[in-house]
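Side chains are part of it too, since the values below use all heavy atoms of this structure and drop only hydrogens, waters and symmetry mates.
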Amino acid sequence: MPKKPLIQHSQDFRDALLDWFRDYQREMPWRNTDNPYYIWVSEVMLQQTQVKKVVDYYERFIERFPDVQHLAAAPLQDVLKVWEGLGYYARARNLHKAAQVIVNELGGEVPRDYATFRKLPGVGDYSAAAVQSIAFNEPYAAVDGNIKRVVARLFLMDAPVNDAKSAKQFQEQADELLDREAPGLFNQAMMELGATVCRPQSPTCLICPVNAFCEAFHTARQDEFPKRRKAKPVPEHHIAVGVIYRGDEVLITQRQLDGLLGGLWEFPGGRIADGETAEAACARNISEVVNLSVSDIKYLTRVRHAFTHFKIVVEVFVCDYQSGEVVLNGPRDAKWIQVEALSDYPLPRVTHKFKDKLIA
DNA sequence: AACGCGGGGGT
DNA sequence: ACCCCAGCGTT
């Protein structure tokens with residue numbers, strides 16, 4: 001005999017959730033606005049990035065690019081500079097490109113239409129639902145990591161939250177729960193609940209406004225959900241990079257726009273091969289990547305950095321330009337600049353970790 | 001459907 | 001050391 005579901009009337013759940021949200025939501029600079037551009041920018045920044053980290057970036061971004069027109073007209077390098085340190089730089093490139101599409105093809109207004117908005121670069125199912133519901137009150141259920149976790153616990157769902165095959169199941173559950181009268185509030189309330197109460201570890205079920213509806217809480221199994229597929233171990237790579245001095249200038253190279261750290265600037269370098277010394281790898285990579293010969297290679301420091309799928313250990317050297325003209329083999333651009341001008345360029349975090357030692 | 005793509009906070 | 005985060009685009 002099937003058990004009686006805890007959520008018999010979805011409206012009871014919605015009322016409890018929204019009442020809680022009205023009283024306990026956190027202040028955020030993109031709340032209490034209906035400006036779709038503000039909401040869109042915030043949603044892109046919030047992809048895979050926690051609220052706390054986003055706040056400062058959001059304020060600077062809106063100040064620097066106050067509307068779609070300013071963003072569309074700005075050079076990509078300026079956008080990347082504001083995004084520097086936030087990660088997943090394709091978000092910035094896509095946001096910039098989408099602003100240009102809006103200005104050039106869509107009349108300069110953020111489209112108030114799910115299908116049109118969803119087609120913009122960098123806008124997926126989640127962001128389209130979030131922006132359309134929050135900015136325009138359109139009835140689309142957003143499904144992010146928070147909401148998957150909440151739903152998984154509410155209904156004891158076995159589908160792993162980090163598996164693409166599960167997406168449809170979570171979407172269907174969210175669609176069913178959605179408050180179609182207040183979709184924007186509902187989506188935000190579900191996410192807020194996931195972030196502050198229905199947390200991954202140590203959820204505070206005793207103070208949860210919807211614990212009466214939660215199968216996991218009812219059976220004291222909240223720590224078993226959501227299910228998660230095991231992640232693969234991350235490899236570690238060893239890298240050697242060289243800061244090449246020519247007079248009082250150093251050479252920086254710009255990465256290709258696609259791929260890892262796309263469009264950001266760095267010092268030339270590359271992998272250390274098996275059996276190769278770090279110093280030899282530094283000279284070899286400089287030769288291969290920018291076609292220069294260097295001399296007087298001196299060890300500066302070692303920095304470590306973790307990406308999502310691998311870790312790197314970087315041996316940093318300082319050396320002198322000896323001979324050759326810069327020929328790019330890999331980078332999309334190269335420049336000789338004063339060390340003091342480094343701050344004008346968007347740099348990866350790993351470069352920031354040793355740039356102060358350069359000036360000292 | 002699987003994978004690449006940052007960086008940091010929390011535990 | 002590991003998990004997770006207001007995901008998206010490519011293959």
Practice task
Name the residue closer to the 5' end of DNA chain C, choosing between A:Leu46 and A:Asn94 according to the nucleotide with the nearest heavy atom.
Solution key: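 Of the two residues, A:Leu46 wins.
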
Exercise for the section: Could you check A:Asn162 against A:Pro121 and say which one's nearest nucleotide on DNA chain C is further toward the 5' end? Expected result: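 Going by which nucleotide is closer to the 5' end, it is A:Asn162.
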
Practice task
Report yes if the ring of A:His309 lies under 5.5 Å from the six-membered base ring of B:dC5 with planes under 30°, and no otherwise.
Solution key: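 One would call A:His309 stacked on the B:dC5 base.
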
Practice task
State whether the distance check finds a donor on one side and an acceptor on the other, under 3.5 Å, for side chain A:Thr308 versus base B:dG6.
Solution key: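 Such a pair is found, so the answer is yes.
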
Handout entry: Distance-only donor-acceptor test, A:Thr49 side-chain atoms vs B:dG6 base atoms, 3.5 Å
Key =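 For A:Thr49, whose side chain was compared with the base of B:dG6, there is a donor-acceptor pair (under 3.5 Å).
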
For the [atom1] atoms, the ones on [N] and on [M], what distance do you get once it is rounded to whole angstrom?
| N | M | atom1 | value |
| --- | --- | --- | --- |
| B:dG6 | C:dT11 | P | 16 Å |
| B:dG7 | C:dT10 | C1' | 22 Å |
| B:dC3 | C:dA6 | P | 24 Å |

Exercise for the section: Between A:Gly87 and A:Lys232, name the one whose nearest nucleotide on DNA chain B is closer to the 5' end. Expected result: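 Closest to the 5' end, via its nearest nucleotide, is A:Lys232.
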
Take atom [atom1] of [X] and atom [atom2] of [N], then tell me their distance rounded to the nearest Å.
| X | N | atom1 | atom2 | result |
| --- | --- | --- | --- | --- |
| A:Lys353 | B:dG6 | NZ | C1' | 11 Å |
| A:Leu264 | B:dG7 | CG | C1' | 12 Å |
| A:Leu347 | B:dG7 | CG | P | 11 Å |
| A:Tyr88 | B:dC5 | OH | C1' | 5 Å |
| A:Glu84 | B:dG7 | CD | C1' | 13 Å |

Nearest to the [X] side chain among [options], which nucleotide is it?
| X | options | value |
| --- | --- | --- |
| A:Arg228 | C:dC5, C:dA6, C:dG7 | C:dC5 |
| A:Val51 | C:dA6, B:dG7, B:dC5 | C:dA6 |
| A:Lys165 | B:dA1, C:dC5, B:dG7 | B:dA1 |
| A:Lys52 | B:dG6, B:dG10, C:dC8 | B:dG10 |
| A:Ala195 | B:dC5, C:dA6, B:dG7 | C:dA6 |
| A:Ser127 | B:dA2, B:dG7, C:dC8 | C:dC8 |

Handout entry: Donor + acceptor pair across side chains of A:His237, A:Lys311 (<3.5 Å)
Key =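 Result is no, nothing qualifies.
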
Practice task
Please check if any side-chain donor atom of A:Asp67 sits under 3.5 Å from a side-chain acceptor atom of A:His70, or the reverse.
Solution key: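 On atom types as modelled, these side chains qualify, holding a pair under 3.5 Å.
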
What is the nucleic acid contact for [X], judged by heavy atoms within less than 4.0 Å: base, sugar-phosphate only, or nothing?
| X | answer |
| --- | --- |
| A:Leu86 | base |
| A:Asp163 | sugar-phosphate |
| A:Arg149 | sugar-phosphate |
| A:Lys148 | nothing |
| A:Val54 | nothing |
| A:Met28 | base |
| A:Asn187 | nothing |
| A:Gly262 | nothing |
| A:Tyr126 | base |
| A:Trp83 | nothing |

Problem - Cation-pi, A:Tyr89 ring and A:Arg93 (6.0 angstrom, 45 degrees) - result: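 No, cation not above the ring by the 6.0 Å, 45° rule.
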
Problem - Axial cation check for A:Phe170 ring with A:Lys168, 6.0 Å and 45° limits - result: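 The answer is no, since A:Lys168 fails at least one limit relative to A:Phe170.
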
So, are [X] and [Y] salt-bridged, with charged N and O less than 4.0 Å apart?
| X | Y | value |
| --- | --- | --- |
| A:Asp296 | A:Lys298 | yes |
| A:Arg60 | A:Glu63 | no |
| A:Glu138 | A:Arg180 | no |

Exercise for the section: Quick one: sort the A:Phe310 and A:Phe307 rings into parallel, tilted or perpendicular, breaks at 30° and 60°. Expected result: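 Rings of A:Phe310 and A:Phe307: parallel, as their planes differ by under 30°.
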
Practice task
Give a yes or no on this: more than 12 heavy atoms of other residues, nucleotides or ligands lie within 6.0 Å of atom CD of A:Glu288.
Solution key: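 Enclosed: over 12 neighbouring heavy atoms sit under 6.0 Å from CD of A:Glu288.
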
Would one find a side-chain N or O of [X] under 4.0 angstrom from OP1 or OP2 of [N]?
| X | N | result |
| --- | --- | --- |
| A:Tyr89 | B:dG7 | yes |
| A:Gln48 | C:dG7 | yes |
| A:Arg91 | C:dG7 | no |

Exercise for the section: Pull out every stem in DNA chain B, meaning runs of 3 or more consecutive Watson-Crick or G-U wobble pairs with both distances under 3.5 Å. Expected result: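 Stems (3+ consecutive pairs) listed as B:1-5 with C:7-11, B:7-11 with C:1-5.
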
Practice task
Give the intermediate values and the outcome of salt bridge (Lys or Arg N to Asp or Glu O under 4.0 Å) for residues A:Glu215 and A:Arg153.
Solution key: CA-CA 7 Å; A:Glu215 306 275 359; A:Arg153 285 175 175 153; over 6 Å; no

Exercise for the section: Name all pairs fulfilling the side-chain hydrogen bond (donor to acceptor under 3.5 Å, both in side chains) condition that reach into residues 258-281 of chain A, sequence neighbours left out, sorted by first residue then second. Expected result: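 Of all non-adjacent pairs touching residues 258-281 of chain A, those that pass side-chain hydrogen bond (donor to acceptor under 3.5 Å, both in side chains) are A:Gln77-A:Trp265, A:Arg255-A:Glu266, A:Glu276-A:Arg284.
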
Exercise for the section: Look at the side chain of A:Ser42 and the backbone N and O of A:Trp30, then say whether any donor-acceptor pair between them is shorter than 3.5 Å. Expected result: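 No; zero donor-acceptor contacts below 3.5 Å.
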
Exercise for the section: Pull out every residue in residues 198-210 of chain A that has a heavy atom closer than 4.0 Å to any atom of DNA chain B, ordered by number, or say none. Expected result: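 Contacting residues: none.
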
